[in-house]
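Note on naming: letters A, B, ... go to the chains in the order of the sequence lines (proteins, then strands), and numbering restarts at 1 for each one. Every value quoted in this text rests on a predicted model; they were computed, and no experiment measured them.
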Protein chains: 2
Amino acid sequence: MNGKATTTRTKLERGRSALGPALELVHTGRAPTRAVLTSELGVTRATAGAVAAELEALGLIRVDSSPGSAAGSQGRPSHRLSVLETGPVVLAAQVHADGFRAALVGLGGRIVATSPGCVAVMADPAQVLGEVVEAGAELLRASGLRCVGAGLAVPSAVAEPEGTALNPLHIAWPAGSPVRDIFAACVRRAGITGPAFTGNDVNLTALAEHRHGAGRGAQHLLCVATGHRGVGGALVLDGRLHSGSSGLALEVGHLTVNPEGRPCHCGGRGCLDVETDPLAFLTTARREPGPEESLLKQAGNLLRTEYGDPAVRQAAEALIDRLGLGLAGLVNILNPDRIILGGLHRDLLEADPERLRAVVADRSLWGRSGSVPILPCTLAHNSLVGAAELAWQPVLDDPLAALA
Amino acid sequence: MNGKATTTRTKLERGRSALGPALELVHTGRAPTRAVLTSELGVTRATAGAVAAELEALGLIRVDSSPGSAAGSQGRPSHRLSVLETGPVVLAAQVHADGFRAALVGLGGRIVATSPGCVAVMADPAQVLGEVVEAGAELLRASGLRCVGAGLAVPSAVAEPEGTALNPLHIAWPAGSPVRDIFAACVRRAGITGPAFTGNDVNLTALAEHRHGAGRGAQHLLCVATGHRGVGGALVLDGRLHSGSSGLALEVGHLTVNPEGRPCHCGGRGCLDVETDPLAFLTTARREPGPEESLLKQAGNLLRTEYGDPAVRQAAEALIDRLGLGLAGLVNILNPDRIILGGLHRDLLEADPERLRAVVADRSLWGRSGSVPILPCTLAHNSLVGAAELAWQPVLDDPLAALA
DNA sequence: CGCAGTTTGTTTAGTTGCGGCACAAACTCA
DNA sequence: TGAGTTTGTGCCGCAACTAAACAAACTGCG
């Protein structure tokens with residue numbers, strides 16, 4: 001995901017160079033007025049004015065010249081900047097064990113429309129992606145908005161640069177499926193304009209939370225989340241997703257968190273993956289997993305409704321301790337300034353925040369790094385919004401080129 | 001180490017914007033001629049010419065208009081670019097368990113002069129740093145060259161932004177010593193011009209190897225090295241050191257690599273630190289550590305000279321297996337495209353490269369990432385050169401401002 | 001109400017880094 | 001020796017800024 005800067009940028013292809021950063025500031029809500037846009041960009045008021053006017057002319061943002069009231073400090077009130085509601089959108093799609101969902105997402109992570117979540121997931125990626133893209137295309141036709149790209153979140157590591165899903169185990173797709181190409185083909189077939197991108201769902205969750213949720217403002221954001229099975233991680237460095245040299249970074253499932261733990265298919269024992277996922281929780285709490293609901297929902301419900309039950313509580317504490325050990329290991333390696341947790345890990349954090357923080361502080365090497373804030377994910381549909389971020393990225397990088 | 005881009009860059013303070021990247025290309029040897037400088041920068045020949053002329057006028061590089069011969073392809077031969085031998089230098093200093101050393105380092109990582117390594121290391125950081133800086137100042141006076149900064153490598157994690165040494169255990173300094181401030185004070189007192197920087201030695205080794213050694217061209221470079229005691233790691237992402245949000249990233253010593261291993265002071269057991277350092281090797285090989293030499297040298301010698309001895313070989317293989325397990329864990333988290341090993345780990349790699357590569361491939365999740373190249377460090381005095389890189393960084397970022 | 005003080009938006013002029021182009025220079029090869 | 005190829009250089013112009021002066025829109029005080 002890191003292009004080298006060797007491509008010749010001719011004068012014609014590059015627009016106003018501050019255009020992209022300015023749009024990103026409005027997009028992430030860090031530039032609510034033109035005055036702070038000026039200071040954030042580090043340019044003169046004249047330049048900021050020109051840039052804002054150009055973004056408005058492109059149909060991306062709205063500049064409210066007459067803010068009415070809502071002052072506060074003295075001096076001339078600044079023009080308010082906001083994302084244009086009727087501006088272009090991107091198609092965001094998500095596939096997980098429960099089914100799939102499509103949505104239209106505008107700038108600012110605003111979900112404009114969503115399809116009802118569909119339950120049926122088949123073993124054929126082409127069929128599933130065809131259906132979800134068609135659902136998105138239907139939303140698009142109904143809305144009449146312009147579409148500038150598409151993004152897809154899958155519960156699997158996605159290898160770069162091929163774009164293949166390496167371990168889409170719990171959605172029963174064949175390992176190595178070329179999901180990016182399949183998705184791109186579906187998008188083109190549906191007549192949707194703009195480029196198509198595919199990414200791992202936890203990575204995209206981290207990206208979404210960094211820009212619009214609990215990760216806002218973090219410089220080194222670590223996100224760990226349990227989906228329906230297994231554990232995923234993601235890292236956002238200086239606003240950019242760090243997915244490693246081949247997209248496989250932060251595959252944290254096989255950190256050892258319990259030397260006496262159960263053996264794992266990876267060859268080790270006591271891996272984070274098998275020790276802290278929903279199935280581990282249910283079995284540790286001595287509950288029979290029911291077939292009617294996803295394991296994630298069963299585990300979450302159990303945690304929230306029956307925390308008084310000693311068996312449930314003990315199981316939760318055991319999982320918290322192991323999760324804390326895994327997080328401490330990651331803290332020692334990555335030294336993030338914020339950690340956010342999703343899925344069952346989020347539920348575990350909320351069940352006993354102090355216990356988790358204590359374990360992480362105790363087992364990471366220095367108290368200073370041990371005091372790293374640990375927060376729950378806050379965004380609804382975060383991996384859907386993250387998929388949209390992927391599709392918005394070219395526009396944020398160079399609005400003129402992307403909309404041309 | 002990552003400043004946010006919110007500082008206002010007025011027109012007066014910024015020079016030609018391609019100046020820094022151009023100097024970095026010459027510095028790292030990636031722009032041997034003006035023609036490749038043109039293509040690497042992605043600018044026109046006119047611009048590249050102006051930039052090269054300006055760097056020459058600044059006294060940093062040399063532009064050989066008459067290359068004599070050494071052609072090869074057809075067309076007009078390009079002007080050769082090289083670092084100016086009589087250009088400015090930086091003062092590089094290094095402190096480790098064996099003693100300390102000072103050097104003058106020019107652009108391109110060229111060591112201009114070194115002090116003889118001094119053995120005496122006292123418990124008082126101010127005294128040691130005073131001596132090493134004075135040795136460097138002496139070199140500087142003798143050379144008559146201009147000094148534009150100073151860098152120090154210490155065998156301890158250095159906390160950001162305070163610049164304190166958190167665990168300088170095996171040089172008997174008090175934990176939490178403000179080494180950056182002490183070093184900066186010594187540098188000022190010695191009358192040396194330019195800013196002073198301090199960093200962890202493994203971090204600086206990685207930086208040096210990335211720019212001038214075995215890490216050249218790697219996009220995500222992981223470096224793991226054993227010093228005299230304990231294990232350190234470092235990560236260079238896109239040419240920049242990743243030291244985490246508070247300088248404590250890649251403290252990899254407490255990855256679990258042997259669930260049945262000996263207990264570690266960190267509270268876990270079988271940590272990389274206590275399982276793969278020189279002392280662990282000597283005791284596993286059932287050798288009595290002698291007092292006359294450093295453990296690192298004893299272990300290295302033993303490995304190179306007595307590999308035929310079954311006890312030595314078995315100890316080496318045990319360490320290789322555990323190192324491989326640790327590296328595999330790091331590969332799963334960081335997904336680097338190259339790994340370089342220093343210290344005893346380098347010796348272990350060279351003793352049996354195939355065994356180490358096989359373990360890493362076997363225990364990292366996918367064969368693709370398992371096939372990451374593992375190489376030995378190649379640079380002599382690499383942490384010294386790395387300390388110099390730290391001092392050169394402001395010049396590489398903005399030559400005009402740094403030399404003003 | 002009016003006036004000072006403050007902050008922001010706008011206009012204008014001026015600077016500059018760099019692309020585009022044309023041409024000269026320095027080589028290879030036939 | 002001349003065609004072909006690649007590189008260096010001078011010149012023009014543009015576009016993205018800065019700087020500075022001014023206008024606008026508020027608060028607060030007398």
Asks: Using whole Å, what does the distance between atom P of nucleotide dC18(C) and atom CG of L37(B) come to?
Replies: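 My rounded result for the distance is 12 Å.
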Asks: In this structure, how many angstroms lie between the P atom of dG9(C) and the CG atom of L41(A), rounded?
Replies: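 Answer to the nearest Å: 13 Å.
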Asks: Between protein and nucleic acid, restricted to nucleotides 5-12 of chain D and to nitrogen or oxygen atoms under 3.5 Å apart, what atom pairs and distances do you find?
Replies:
unit_1	atom_1	unit_2	atom_2	d
dT6(D)	O2	R76(B)	N	2.9
dT7(D)	O4'	R76(B)	O	3.3
dT7(D)	O3'	S78(B)	OG	3.4
dT7(D)	O2	R76(B)	NH1	3.3
dG8(D)	OP1	S78(B)	OG	2.8
dG8(D)	OP1	H79(B)	N	3.1
dG8(D)	O4'	R76(B)	NH1	3.4
dG8(D)	O4'	R76(B)	NH2	3.2
dG8(D)	N7	R45(B)	NE	2.9
dG8(D)	O6	R45(B)	NH2	3.0
dT9(D)	OP2	R34(B)	NH1	2.4

Asks: Do E56(B) and R62(B) meet the salt-bridge criterion of a basic N to acidic O distance under 4.0 Å?
Replies: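 Here R62(B) does not pair with E56(B) in a salt bridge, since their nearest N and O are not under 4.0 Å apart.
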Asks: If I take atom CZ in residue R80(A) and atom P in nucleotide dC26(D), what distance separates them, rounded to the nearest angstrom?
Replies: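 Going from CZ in R80(A) over to P in dC26(D) covers 14 Å.
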Asks: Quick one: salt bridge (Lys or Arg N to Asp or Glu O under 4.0 Å) partners of D181(B), sequence neighbours excluded?
Replies: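 Residues passing salt bridge (Lys or Arg N to Asp or Glu O under 4.0 Å) with D181(B): none at all.
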Asks: Should L23(A) and L107(A) count as side-chain neighbours, where that means a heavy-atom distance under 4.5 Å?
Replies: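 They are in side-chain contact.
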Asks: Please assess H242(A) against H220(B) for the test ring-ring contact (aromatic ring centres under 6.0 Å, His included), listing each intermediate value before the final yes or no.
Replies: CA-CA 10 Å; H242(A) 173 80; H220(B) 302 250; 5.2 Å; yes
Asks: When you check the phosphate oxygens OP1 and OP2 of dG9(C), does a side-chain N or O of S65(A) lie under 4.0 Å from one of them?
Replies: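 No, because none of the side-chain N or O atoms of S65(A) sits under 4.0 Å from OP1 or OP2 of dG9(C).
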Asks: OP1, OP2 of dG19(C) versus side-chain N and O of T44(B): anything below 4.0 Å?
Replies: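 For dG19(C), OP1/OP2 do have a side-chain N/O of T44(B) under 4.0 Å.
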Asks: Do the non-hydrogen side-chain atoms of S243(B) and N335(A) ever get within less than 4.5 Å of each other?
Replies: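 With C-beta onward as the side chain, the pair stays apart.
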Asks: Compare all side-chain heavy atoms of L19(B) with those of V51(B) and state whether any distance is below 4.5 angstrom.
Replies: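 They are in contact (side-chain heavy atoms under 4.5 Å apart), so the answer is yes.
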